[in-house]
2 protein chains.
Amino acid sequence: MSRFDSRSTSKIDQERGRFLKHLARTGLRVSRGRELIFNEVMQIHGHFTAEQLTKKCQKKNLKVSRPTVFRILHDLLAAGVIRETAFGDKHRHFEHVYDEKPHHHAFCIYCHGFIEFPDMKEDMVYHSIIEKKGFKILGHEMHFYGMCRKCQEKAA
Amino acid sequence: MSRFDSRSTSKIDQERGRFLKHLARTGLRVSRGRELIFNEVMQIHGHFTAEQLTKKCQKKNLKVSRPTVFRILHDLLAAGVIRETAFGDKHRHFEHVYDEKPHHHAFCIYCHGFIEFPDMKEDMVYHSIIEKKGFKILGHEMHFYGMCRKCQEKAA
DNA sequence: TCATATAATGATACACTATCTCATATGAGT
DNA sequence: ACTCATATGAGATAGTGTATCATTATATGA
Ligand SMILES: [Zn+2]
Ligand SMILES: [Zn+2]
Ligand SMILES: [Zn+2]
Ligand SMILES: [Zn+2]
């Protein structure tokens with residue numbers, strides 16, 4: 001990142017503030033691991049798994065164990081810095097929130113790839129139905145399933 | 001089920017026909033296990049995991065192994081008799097299709113329970129966006145996340 | 001009916017992710 | 001420096017789902 005990219009930097013600082021606030025509120029320390037993982041996560045664009053994050057750190061000789069990665073991802077989730085999406089496989093998938101526009105996913109049932117598309121705020125019809133049941137909505141995702149372009153071409 | 005409940009019976013027969021057609025088409029046999037699992041699945045209302053289905057069979061002294069359960073669930077998926085939903089935990093969740101209206105789920109992030117709500121066909125705004133990318137849509141789900149009524153009461 | 005081929009099944013081992021345990025290291029506060 | 005709570009890592013553990021493979025069941029045709 002350019003040192004002149006003040007806009008992007010301030011967004012990260014904003015997220016860092018959110019994280020630090022959460023840590024202070026819950027009596028957790030600003031440990032070496034938490035700073036390290038926070039910085040790495042902020043550099044990832046798109047989705048990642050705990051395994052990918054761990055290997056990314058190891059390549060940089062930033063030593064951090066798998067349990068610690070999961071523990072700190074849990075902290076980041078609780079702080080609202082990252083979100084988790086169920087991809088339907090056996091991994092937990094995360095992505096940070098700060099520069100990602102709200103979006104949804106369409107999964108290919110053949111190659112297990114996916115495409116993303118922006119949230120259109122058109123699904124609010126559901127909100128009143130759900131809230132009438134006493135459920136407090138904090139977020140939502142649309143999952144589409146189907147066949148990606150490549151798999152269609154392969155099949156044809 | 002009452003023997004006079006012809007409507008419900010015919011729906012199951014319809015699903016059975018779908019399954020048998022799939023088996024014939026793909027050269028699979030109508031084995032003891034397939035009949036057994038099909039019947040059990042049809043009696044379940046709502047979601048189930050392979051583990052729950054296996055235990056349900058064992059309680060009835062219907063002996064069937066875990067690998068076979070998974071194999072036959074795969075057949076039922078391929079036949080379109082059941083569908084799979086990613087709940088964000090480490091289990092695969094299934095439900096049959098025959099008497100379930102198309103619906104979506106709202107998951108409680110605190111107790112991991114969920115509520116269901118009907119599909120409103122209001123999310124078609126996404127279809128053109130996705131199909132412009134060459135993706136062929138076969139199905140979709142809305143996942144809402146939040147706090148269920150009970151957990152709100154507990155917190156208050 | 002019997003022989004043969006093919007598919008289905010179950011026991012077992014296996015791969016893999018995520019979590020738990022607990023001993024040690026770290027660090028904030030006195 | 002001392003105290004003590006928290007953070008961390010090594011290793012064990014739990015829990016799903018899958019692969020292997022020998023055995024059993026079923027279909028087909030002589
Ligand atoms: Zn594909
Ligand atoms: Zn995404
Ligand atoms: Zn709840
Ligand atoms: Zn459902």
Side-chain angles (χ1 to χ4, degrees), chain A residues 19-41 47-58 60-79 82-94 109 112, chain B residues 19-41 47-58 60-79 82-94 109 112:
Chain A
F19 190 33
L20 296 177
K21 195 175 164 188
H22 168 75
L23 295 179
R25 201 165 41 208
T26 51
L28 300 172
R29 290 177 184 164
V30 185
S31 67
R32 174 187 134 272
R34 292 208 175 93
E35 290 197 279
L36 190 157
I37 295 291
F38 175 86
N39 289 329
E40 290 307 310
V41 164
H47 294 268
F48 62 92
T49 65
E51 183 67 14
Q52 291 167 345
L53 179 55
T54 305
K55 282 187 178 169
K56 188 169 182 286
C57 290
Q58 286 172 348
K60 290 186 172 184
N61 284 336
L62 304 172
K63 288 191 180 169
V64 66
S65 67
R66 193 173 50 214
T68 294
V69 169
F70 276 104
R71 278 188 287 245
I72 296 177
L73 286 176
H74 183 270
D75 296 336
L76 290 169
L77 276 173
I82 62 176
R83 66 172 182 154
E84 182 173 5
T85 300
F87 274 31
D89 61 7
K90 62 177 62 172
H91 300 76
R92 299 182 66 178
H93 295 259
F94 308 92
I109 60 177
H112 301 104
Chain B
F19 189 33
L20 295 178
K21 195 174 164 189
H22 168 75
L23 295 179
R25 201 165 41 208
T26 51
L28 300 172
R29 291 176 183 166
V30 184
S31 66
R32 173 186 134 272
R34 292 207 174 93
E35 291 197 277
L36 190 158
I37 295 291
F38 175 86
N39 288 330
E40 290 307 310
V41 164
H47 294 268
F48 62 92
T49 65
E51 182 68 14
Q52 291 167 346
L53 179 54
T54 305
K55 283 187 179 170
K56 188 169 181 289
C57 291
Q58 287 172 346
K60 290 187 173 185
N61 284 336
L62 305 171
K63 288 189 179 171
V64 66
S65 67
R66 193 173 53 209
T68 294
V69 169
F70 276 103
R71 278 188 287 244
I72 296 177
L73 286 176
H74 183 270
D75 296 335
L76 291 169
L77 276 173
I82 61 176
R83 65 170 183 156
E84 182 173 5
T85 301
F87 275 30
D89 61 8
K90 61 178 63 172
H91 299 77
R92 300 182 65 178
H93 294 260
F94 308 92
I109 59 178
H112 301 105

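Residue numbers start from 1 in every chain, and the chains themselves are labelled A, B, ... in the order their sequence lines are given, proteins ahead of strands. Note that these values count all heavy atoms, side chains included, but never hydrogens, waters or copies made by symmetry.
Counting atom types as modelled, A:Arg32 pairs no side-chain N or O with a base atom of C:dG27 as donor and acceptor under 3.5 Å. With hydrogens and angles ignored, no donor-acceptor pair closer than 3.5 Å exists between the side chain of A:Arg66 and the base of D:dG11.
Sequence order on DNA chain D of the closest nucleotides to B:Phe70 and B:Arg29 puts B:Phe70 first from the 5' end. Between A:Val64 and B:Arg92, the residue anchored nearer the 5' end of DNA chain D, judged by the nucleotide with its closest heavy atom, is A:Val64.
In this structure, B:Leu73 places its CG atom 15 Å from P of C:dA8, rounding to the nearest Å. Counting to the nearest Å, the C1' atom of D:dG9 and the CG atom of A:Leu62 are 16 Å from each other. For A:His91 and C:dC16, the NE2 to P distance is 9 Å, given to the nearest whole Å. Per the geometry, CG belonging to B:Leu23 stands 12 Å off C1' belonging to C:dA8, to the nearest Å. As a whole-Å value, the separation of B:Arg34 CZ from D:dT26 C1' is 12 Å. B:Glu35 has its CD atom 13 Å from the P atom of C:dA8, to the nearest Å.
Candidate nucleotides D:dA19, C:dT9, D:dT8 were compared by shortest atom distance to the side chain of B:Pro67, and D:dA19 ranks first.
Side chains of B:Phe48 and B:Lys56 form no contact here, defined as non-hydrogen atoms less than 4.5 Å apart.
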